[in-house]
Amino acid sequence: MKNYEMFEISNIKNLKLKSPTVYYYLKSKNFSESYISKLRTSKDSILLNKTFATLKSQIKDGDILSVANNPQNSSTILPCDGNLDIVFEDDDFLLVNKPHNLACMPSRSHYSDNLGGIICKYMQNKDKNFVLRIVNRLDKDTAGLVLVAKNLIAYNSIKHFKKEYYAICYGNFDEKSFTINSKIETIQHNGINQMKRIVSNNGKSAITHIEVVKNFDNFSLIKLTLETGRTHQIRVHLSSINHPLLGDKIYIEEYKILSQFPFTHTMLLLKKISFTHFRTNQTMEFEINFPPLWTNFLETKQI
């Protein structure tokens, strides 16, 4: 049985619909064409007064329209064993704190140990039609907040989503704050995209704002916000100014840095997020503590 979002039709004349049908009513409610298309291909995704209906069905004041909030088939991702550090949960969203060294999605090397699979197992008894929709994916090495929309309506209604990262990088800074505005290009070999990216005028626009929190002996704690969301953006930008993330085995080329700071992952953390909840129009803001490894390292200046 699908879960449905219910609408009581009223003042339909004031909506100035092109035609009084389910389709145009949903368009007036800012449902995307992608969402509506999924409703079209699932015969039990629309109910009008508790009777199956279609997008062409006529509506009138007093009608009760119910629309499936997960019109697609449930995710086929293999459920995985694992613990979820849940920061927030309601009927629409699940916010979790992902540790370092855990992939967000399944891959050949992480088919049975990934965050998506753990979430799918958690949701098995809550919603049999659950479709995994991660709003912000993080690299396997990166820790921090990951927001999941429990239904398509929530996913399509995310507004004012903001992220605040913290990083520990090599070297010190003279400036208190600055911005890196450098294009990023994906390296290709024989037409195949490689994992590594570079700063290049042939790349796509990328803007990173940086605030220096504290300089230590030979590394720094910094806070970062992004105007763009390019793959490896923070890692590429910091490496381009000779301040690579500690533990970054892709973008650190000097052996002395790797040997001096032998972390098993990049020291990058999505520490704070905020977004406007579509049901209440309230700003939801969440912030997590530094992982114990970070706290210990910053306090003792050693691993």
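In this text the structure is predicted, and so the values were computed from the model without any measurement. Below, all heavy atoms of this structure are taken into account, side chains as well, without hydrogens, waters or symmetry copies.
- For OH of Y111, the number of neighbouring non-hydrogen atoms (other residues, nucleotides, ligands) closer than 6.0 Å is 12 at most.
- Residues L95 and V148 form no side-chain contact, since every pair of their non-hydrogen atoms from C-beta on lies 4.5 Å or further apart.
- Judged purely by distance below 3.5 Å, without hydrogens or angles, the side chains of H237 and T208 pair a donor atom with an acceptor atom.
- N281 places no side-chain N or O within 3.5 Å of a backbone atom of F278 that could act as its donor or acceptor partner.
- Applying the side-chain hydrogen bond (donor to acceptor under 3.5 Å, both in side chains) test to pairs two or more places apart or on separate chains, none has a residue in residues 8-22.
- Between K150 and D91 there is no salt bridge, since no side-chain nitrogen of the basic residue lies less than 4.0 Å from a carboxylate oxygen of the acidic one.
- Using a 4.0 Å cut-off between charged side-chain N and carboxylate O, K271 and E287 make a salt bridge.
- At a threshold of 4.5 Å between non-hydrogen side-chain atoms, the residues I46 and F52 do not count as touching.
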>> Could you walk me through whether L26 and L65 satisfy the side-chain contact (heavy atoms from CB on, under 4.5 Å) test, starting with their C-alpha distance in whole Å, then the side-chain angles of each, then the deciding distance to 0.1 Å, before giving a yes or no?
In response: CA-CA 10 Å; L26 294 179; L65 175 66; 4.1 Å; yes
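- Taken together through direct or relayed side-chain contacts under 4.5 Å among Ile, Leu, Val, Met, Phe, Trp and Tyr, V213 and L268 form part of one hydrophobic cluster.
- Closest approach of N215 to N172, counting heavy atoms only: OD1-CA, 3.4 Å.
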>> Please evaluate residues Y25 and F31 with respect to the criterion ring pair (Phe, Tyr, Trp, His ring centres under 6.0 Å), reporting the C-alpha separation (whole Å), side-chain torsions for both, the decisive distance (0.1 Å), and the verdict.
In response: CA-CA 9 Å; Y25 179 79; F31 279 67; 8.4 Å; no
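- Residue K183 places its NZ atom among 12 or fewer non-hydrogen atoms of other residues, nucleotides or ligands, all under 6.0 Å distant.
- Judged by distance alone, the side chains of Y122 and E89 do bring a donor and an acceptor atom under 3.5 Å apart.
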> Does the side-chain contact (heavy atoms from CB on, under 4.5 Å) test come out yes or no for F297 and L246, once each step is laid out?
Replying inline: CA-CA 12 Å; F297 176 69; L246 298 190; 4.1 Å; yes
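- K204 NZ: 12 or fewer foreign heavy atoms inside a 6.0 Å radius.
- A salt bridge does not link E185 to R230: none of the charged side-chain nitrogens sits closer than 4.0 Å to a carboxylate oxygen.
- The hydrophobic clustering, which links ILVMFWY residues whose side-chain heavy atoms are closer than 4.5 Å, places L138 and I86 together.
- With sequence neighbours excluded, the residues that form a side chain to side chain donor-acceptor pair (under 3.5 Å) with D248 are R235.
- Considering D139, I250, D141 in turn, D141 is the only one that fulfils the side chain to side chain contact (heavy atoms under 4.5 Å, CB included) rule with T266.
- No salt bridge links E285 with K162; every basic N to acidic carboxylate O contact stays at or beyond 4.0 Å.
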>> F263 vs H100, test: ring pair (Phe, Tyr, Trp, His ring centres under 6.0 Å). Steps then yes/no.
In response: CA-CA 11 Å; F263 291 105; H100 290 291; 8.8 Å; no
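- Of the possible polar contacts, none joining the T225 side chain to the E164 backbone as a donor-acceptor pair under 3.5 Å is found.
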> How far apart are the C-alpha atoms of T276 and H160, what are their side-chain angles, what is the distance that settles it, and do they pass the side chain to side chain donor-acceptor pair (under 3.5 Å) test?
Replying inline: CA-CA 6 Å; T276 301; H160 309 123; 2.9 Å; yes
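- Linking Ile, Leu, Val, Met, Phe, Trp and Tyr residues whenever their side-chain heavy atoms come within less than 4.5 Å leaves Y24 and I64 in two separate clusters.
- I207 and F178 are members of different hydrophobic clusters when ILVMFWY side chains are connected at heavy-atom separations under 4.5 Å.
- No option in F173, Y251, F219, Y170 other than F173 meets the ring-ring contact (aromatic ring centres under 6.0 Å, His included) test with H243.
- Less than 6.0 angstrom separates the ring centroid of F286 from the ring centroid of F88.
- Taking 4.5 Å as the limit, every side-chain heavy atom of I12 sits out of range of all side-chain heavy atoms of K60.
- Remark: side-chain polar atoms of K98 are paired, donor with acceptor, to backbone N or O of K140 under 3.5 angstrom.
- Linking ILVMFWY side-chain heavy atoms closer than 4.5 Å, directly or via other members, places M123 and L78 in two distinct hydrophobic clusters.
- By the 4.5 Å heavy-atom criterion applied to side chains, C80 and D113 are not counted as neighbours.
- Side-chain contact of N151 with D92: a donor-acceptor pair under 3.5 Å is present, judged by distance alone.
- With hydrogens and angles ignored, the 3.5 Å screen pairs no side-chain donor or acceptor of N136 with any backbone N or O of I273.
- For the pair E5 and R279, the salt-bridge criterion is met [side-chain N within less than 4.0 Å of a carboxylate O].
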